[in-house]
Amino acid sequence: MSLSLILTHPGGAHKDELLACSLLVAVHGVPIERREPTQADLDDVAIAVVDVGGEHDPARNNFDHHQFPADHPPVCALTLVLQHLGVYEDARKFCDWLEPAEWFDTRGPVSTAKWLGLERETLAKLNSPVDVTVLRRFAKAKRLEPGDPIWELLRFIGEDLLDYLKNLRERLDFVARHAELWDLDGTEVLFLPRTEPMSEEPSAGLGRYLESIGKHTTVAGLVYPDRRGSGYGLSRHNDSPLFDFTRIQEEHDVHFAHARGFVAKTSAAELARLRELLAAARV
């Protein structure tokens, strides 16, 4: 369904409606108005009403959460739009910032800090002038059209978020099809073979893949194609102390080992040799 307008509330702006509007701008490319909605706006399926209006009715493109009861699980306007676009589950898995954003918008800074196990003052120390300026400029606008710098910035944000989720899902599916788990005397290593065409960043998504299969705490090492050569990269996963790749820096087919021992590059491509190097690097 095509939209003609995105409508959100006037006054102070918050991250949840800004990001929700960003996603809708990326998908529909229509103007944003910041004012109170009328009943006609709520009834018009071509107008997305975001974070205002007292209705959550995705079939009519109304995305407000303020009418939910106080004990409702933390959801905000961004949650509702992500659900509407069919990407919420992946966003919750792979966007570490999303759940805290839901808590902050619905529970406030004090409860959110407590939930995170932080002091309230710590949250304030994480504020960025980037966030402050974008929210302030968005709040000052009454209408944003294509070509306006803030509208274009919101479009970039929405496009990048949707691209990240789409590309990461495709990458995880790719890794699932090709990767192998090796057991090296009780130490687990994830191996990704060389494929054609090869990804621009072969190691991308490996950590997220291990999270998705529940192996992020048990796998200690990664082996993946070296994008700058015909061999492989060897690295620790989650900075595991079980591998120190300085132990193989003198091997004839190892052309780089970081001084801190967390990564090495080898021209070796045979699986048996890669296993030998991993065994030699095992602490």
Apply the side-chain contact (heavy atoms from CB on, under 4.5 Å) test between L23 and each candidate in L154, V87, L85; give the one that qualifies.
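So the option named by the test is L85.
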[Y]/[X] salt bridge by N-O under 4.0 Å criterion:
| X | Y | answer |
| --- | --- | --- |
| K166 | E170 | yes |
| E121 | K125 | no |
| D51 | R34 | no |

Quiz: residues 239-256 side-chain donor-acceptor pairs under 3.5 angstrom, not counting sequence neighbours:
residue, atom, partner, partner atom, Å
D239, OD1, R236, NH1, 2.7
S240, OG, L242, N, 3.2
D244, OD1, T246, N, 3.1
D244, OD1, T246, OG1, 2.7
D244, OD2, T246, OG1, 3.2
R247, NE, A280, O, 3.3
R247, NH2, R282, O, 3.4
E251, OE1, R273, NH2, 2.9
D253, OD1, R273, NH2, 2.9
D253, OD2, R273, NE, 2.7

Would you please name every residue forming a salt bridge (Lys or Arg N to Asp or Glu O under 4.0 Å) with D90, sequence neighbours left out?
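Salt bridge (Lys or Arg N to Asp or Glu O under 4.0 Å) list for D90, sorted by chain: R169.
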Any side-chain donor-acceptor pair under 3.5 Å between D64 and H66?
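A donor-acceptor contact under 3.5 Å links the two side chains.
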Less than 3.5 Å apart, any donor N or O on the side chain of E17 or H9 sitting next to an acceptor on the other?
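Yes, H9 and E17 have a side-chain donor paired with an acceptor closer than 3.5 Å.
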Ring pair (Phe, Tyr, Trp, His ring centres under 6.0 Å): pairs with one or both residues in residues 110-131, sequence neighbours excluded
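Listed once each, the pairs are W103-W115.
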Which atom pairs, donor and acceptor, lie under 3.5 Å between side-chain atoms of residues 226-235 and protein residues at least two apart or in another chain?
residue, atom, partner, partner atom, Å
D226, OD1, R228, N, 3.0
R227, NE, E201, OE1, 3.2
Y232, OH, R194, N, 3.1

Can you get from L172 to V223 by hopping between Ile, Leu, Val, Met, Phe, Trp and Tyr side chains that sit under 4.5 Å apart?
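Per the 4.5 Å side-chain linkage, L172 and V223 are not co-clustered.
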Check side chain to side chain donor-acceptor pair (under 3.5 Å) between Y88 and all other residues, then give those that pass, not counting sequence neighbours.
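Partners of Y88 by the side chain to side chain donor-acceptor pair (under 3.5 Å) criterion, ordered by chain and then number, come out as R92, E102.
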Show me the donor-acceptor pairs, under 3.5 Å and distance only, between side chains in residues 130-138 and residues at least two apart or in other chains.
residue, atom, partner, partner atom, Å
T133, OG1, P129, O, 3.1

